[in-house]
Amino acid sequence: MSNLWDLSHIQPRTDSVLDGDTIPAMFWNAVARRGDQRWLREKKLGIWHGWSWTQVGEAVSEIGGGLASLGFAPGDTASILSNTVVEWVLTDIAVLCGGGISNGIYPTDAPSQVQYLCEDSRTSVLFVEDEEQLDKVLEVREQLPRLRKIVVFDMKGLRDLQEPDVISLEALRQLGRDYNAAHPDALRQRAAACKPEDVAILVYTSGTTGKPKGAMHTHGGLTYTVRGYNTLIARNETDEGMCFLPLCHIAERMGGEYFSLYTGARLNFVENPDTVPENVREIAPTVFTGVPRVWEKFYSAVMIALKESTRLQQAVYAWGIGVGGRIAERVMAGQPVPAGLKAQFMLARWLALDNVRKLIGIHRARFLVTGAAPISPELVKWYLSLGVPMLEVWGMTETCGASTGVPVARIKPGSIGPAADFNQIRLDPATGEIQVKGRNVFAGYLNLPDKTAETFTEDGWLRTGDVGTVDEDGFYRITDRMKDIIITAGGKNVTPSELENELKFSPYITDAVVIGDQRPYLTAIIMIDQENVEKYAQDHDVPFSNYASLTRAAEVQALIQEVIDSVNTKFARVEQIKKFFLLDTQLTAEDEELTPTMKLKRQLVQKKYAPQIEAMYR
């Protein structure tokens with residue numbers, strides 16, 4: 001178990017763990033070295049099943065051979081339309097080992113989006129998870145002349161399907177077994193022919209301001225960056241990780257799949273997005289990467305459970321988290337922890353804090369990593385007070401994921417840390433924009449040379465669009481997106497993310513968008529946490545019939561007003577939120593208002609809910 005005052009067990013490594021300057025080379029070296037060690041783990045029908053490196057290698061060989069038998073050539077593109085499952089990793093690596101380009105498509109995308117992404121990437125083979133995803137493709141099949149084959153992971157409900165272009169993954173593997181028997185060295189030759197400068201993967205941006213753009217990453221960039229990750233926070237073959245974020249997002253692709261491939265850390269797959277809390281407790285990961293939405297949900301669950309506990313339990317927790325908080329303050333200040341305080345903390349863990357950690361599933365965690373969106377500094381302090389360091393990283397699709405990271409020996413909540421050793425970072429002196437340079441930076445946008453050129457400065461630095469500051473220790477802090485900074489009618493500059501993070505710290509608020517550009521005062525669009533607000537309503541006899549009626553209940557409106565009033569006390573008068581409205585539609589990942597990482601799309605919601613916004617300014 002991790003101790004706040006002993007951080008030596010999570011120091012970064014600077015040596016190379018695994019050879020290889022392409023993903024295929026790195027993968028086959030891992031298979032040869034690790035053999036029968038378990039790598040992947042999945043839960044099916046209530047039972048956990050493991051995959052050894054050798055078994056993964058066999059599956060990759062068969063899928064790769066099957067692709068070759070279909071005429072899939074080096075340089076061709078294959079796309080994967082699926083939730084985060086083991087088969088995603090198997091097919092991704094097989095495509096790369098065959099010299100192909102691998103592209104991921106979000107399982108929440110509509111048929112028209114699937115069509116666009118397949119057209120833009122020139123996809124010739126498309127892997128889909130199940131009948132639901134297959135239906136999307138068949139709806140637009142006639143508009144995709146380049147698409148030669150559709151491969152289905154799960155054939156449930158499709159046994160009688162009569163589509164010549166559709167086969168099962170198992171059928172593809174059988175084709176691969178036959179092909180490999182006739183051409184025993186073909187796949188290895190293809191893997192060996194891959195060069196570091198070859199494009200390996202496409203990662204499409206969310207497309208909140210137009211069509212999604214396909215960011216191209218090379219084999220050399222991926223392997224260089226994944227080695228760099230280990231200089232931020234080291235993992236090893238004894239670690240248990242968890243794979244649950246979308247694998248077509250750069251965070252899980254790099255921080256989950258490829259980082260695990262490099263370090264040998266075991267990768268556990270959740271059953272589905274709804275079972276994440278339960279699966280976390282089962283897996284008890286030793287390293288855990290998540291987005292702020294995940295950490296906020298865990299915190300909310302603890303706060304709600306605490307309200308239902310006895311007064312004695314509440315008092316013990318309050319004392320224990322207070323002790324943890326005092327240690328956290330010393331750790332953050334770089335001060336030693338007195339022996340007496342250490343003893344109190346051990347008692348606090350035994351009485352209360354270990355139970356909280358077990359409730360979440362982080363009782364074995366050496367550290368937590370958060371990224372992909374800003375997080376409340378108070379939330380970072382809370383996890384640190386439990387005895388689990390939370391380290392914030394920052395990056396983007398174009399930087400191949402993490403580009404900065406908070407070092408474990410110097411945690412500064414609210415900071416994204418110094419530049420990682422594997423790239424350079426600077427601030428534009430005129431705008432304060434953060435700019436990045438390094439081998440981790442992408443090779444450009446597919447089919448969009450003009451957009452690629454716009455993204456770089458004249459001297460070759462990547463324009464990130466994030467505005468920030470840097471302190472005397474070299475620690476960067478994101479103040480906001482350049483395009484999101486609010487300038488009120490009175491000329492006051494406001495960074496909405498600071499207010500939004502404070503609001504999301506409440507267990508009753510899932511997300512918020514602060515409005516006020518060229519306006520006389522600030523307002524907010526708020527998405528409530530359905531589960532927690534429903535429970536509040538039930539506990540306080542608030543009548544409601546559905547989600548919409550819940551958001552309109554006077555008691556719920558008053559509850560959110562209390563949260564806003566509390567947050568407002570932390571800000572100057574001109575920065576305070578004067579009015580708000582609650583979204584009365586229960587949003588899911590399939591709704592256009594949300595990004596794949598479940599964040600509200602600022603520009604889209606401002607446009608879609610313009611009438612409600614205008615009503616707050618009348």
Colleague: So, for F544 and A537, which heavy atoms are closest and what is the spacing to 0.1 Å?
Modeller: CE2-CB, 3.7 Å
Colleague: Donor-acceptor pair, E398 side chain versus A215 backbone, under 3.5 Å?
Modeller: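 No; zero donor-acceptor contacts below 3.5 Å.
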Colleague: Under the 3.5 angstrom rule, does the side chain of S260 hit a backbone N or O of E257 as a donor-acceptor pair?
Modeller: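 Between the backbone of E257 and the side chain of S260 there is no qualifying donor-acceptor contact (under 3.5 Å).
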Colleague: Is the backbone of V467 close enough, under 3.5 Å, to the side chain of T479 for a donor and an acceptor to pair up by distance?
Modeller: yes
Colleague: Does W382 have its ring centroid less than 6.0 Å away from the ring centroid of F298?
Modeller: no
Colleague: Can R141 and E163 be counted as an ion pair, charged N to O under 4.0 angstrom?
Modeller: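 Salt bridge flag = no for E163 with R141.
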Colleague: Any chance you could measure L583, atom CG, to I526, atom CD1, to the nearest 0.5 Å?
Modeller: 9.0 Å
Colleague: Assess, by modelled atom type and distance only, whether the side chains of T310 and Q313 contain a donor and an acceptor separated by less than 3.5 Å.
Modeller: yes
Colleague: I need the minimum non-hydrogen distance between Y547 and M527, along with the two atoms involved.
Modeller: OH-CG, 4.4 Å
Colleague: Give a yes or no answer on whether the side chain of S102 reaches the backbone of I201 with a donor-acceptor pair at less than 3.5 Å.
Modeller: no
Colleague: Work out which heavy atom in G401 is nearest to a heavy atom in T399; give both atom names and the distance.
Modeller: O-OG1, 2.7 Å
Colleague: Using only heavy-atom distances, determine whether the side chains of N279 and E282 contain a donor-acceptor pair under 3.5 Å.
Modeller: yes
Colleague: Between T551 and A548 (side chain of the first, backbone of the second, donor and acceptor by atom type, cut-off under 3.5 Å), is there such a pair?
Modeller: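 Checking the backbone N and O of A548 against the side chain of T551, a donor-acceptor pair under 3.5 Å is found.
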Colleague: Return yes if some donor-acceptor pair links the side-chain N/O of S549 with the main-chain N/O of S545 below 3.5 Å, else return no.
Modeller: yes
Colleague: So which heavy atom on G290 is nearest to which on F244, and how close?
Modeller: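 Here G290 and F244 meet closest at CA-CZ, 4.3 Å.
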Colleague: Indicate yes or no: does K297 engage D529 in a salt bridge with an N to O separation below 4.0 Å.
Modeller: yes
Colleague: Would you say V533 and L550 make side-chain contact, with heavy atoms under 4.5 Å?
Modeller: yes
Colleague: Can you confirm whether the side chains of K535 and Q538 place a donor and an acceptor under 3.5 Å from each other?
Modeller: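 Absent: no donor and acceptor within the cut-off.
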Colleague: For K307, is there an ion pair with D539 - N to carboxylate O distance below 4.0 angstrom?
Modeller: no
Colleague: Looking at the rings of Y383 and Y299, which for Trp means the six-membered one, are their centres under 6.0 Å apart?
Modeller: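 Y383 vs Y299: aromatic centres not under 6.0 Å.
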Colleague: Between K136 and E129, is there a salt bridge with N-O shorter than 4.0 Å?
Modeller: no
Colleague: Backbone N or O of V563 within a donor-acceptor pair of the S566 side chain at under 3.5 Å?
Modeller: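 No, S566 side chain to V563 backbone: no donor-acceptor pair under 3.5 Å.
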Colleague: Do E296 and R293 meet the salt-bridge criterion of a basic N to acidic O distance under 4.0 Å?
Modeller: no
Colleague: Is D239 salt-bridged to R366, going by a charged N under 4.0 Å from an acidic O?
Modeller: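 Between R366 and D239 there is a salt bridge, with a charged N closer than 4.0 Å to a carboxylate O.
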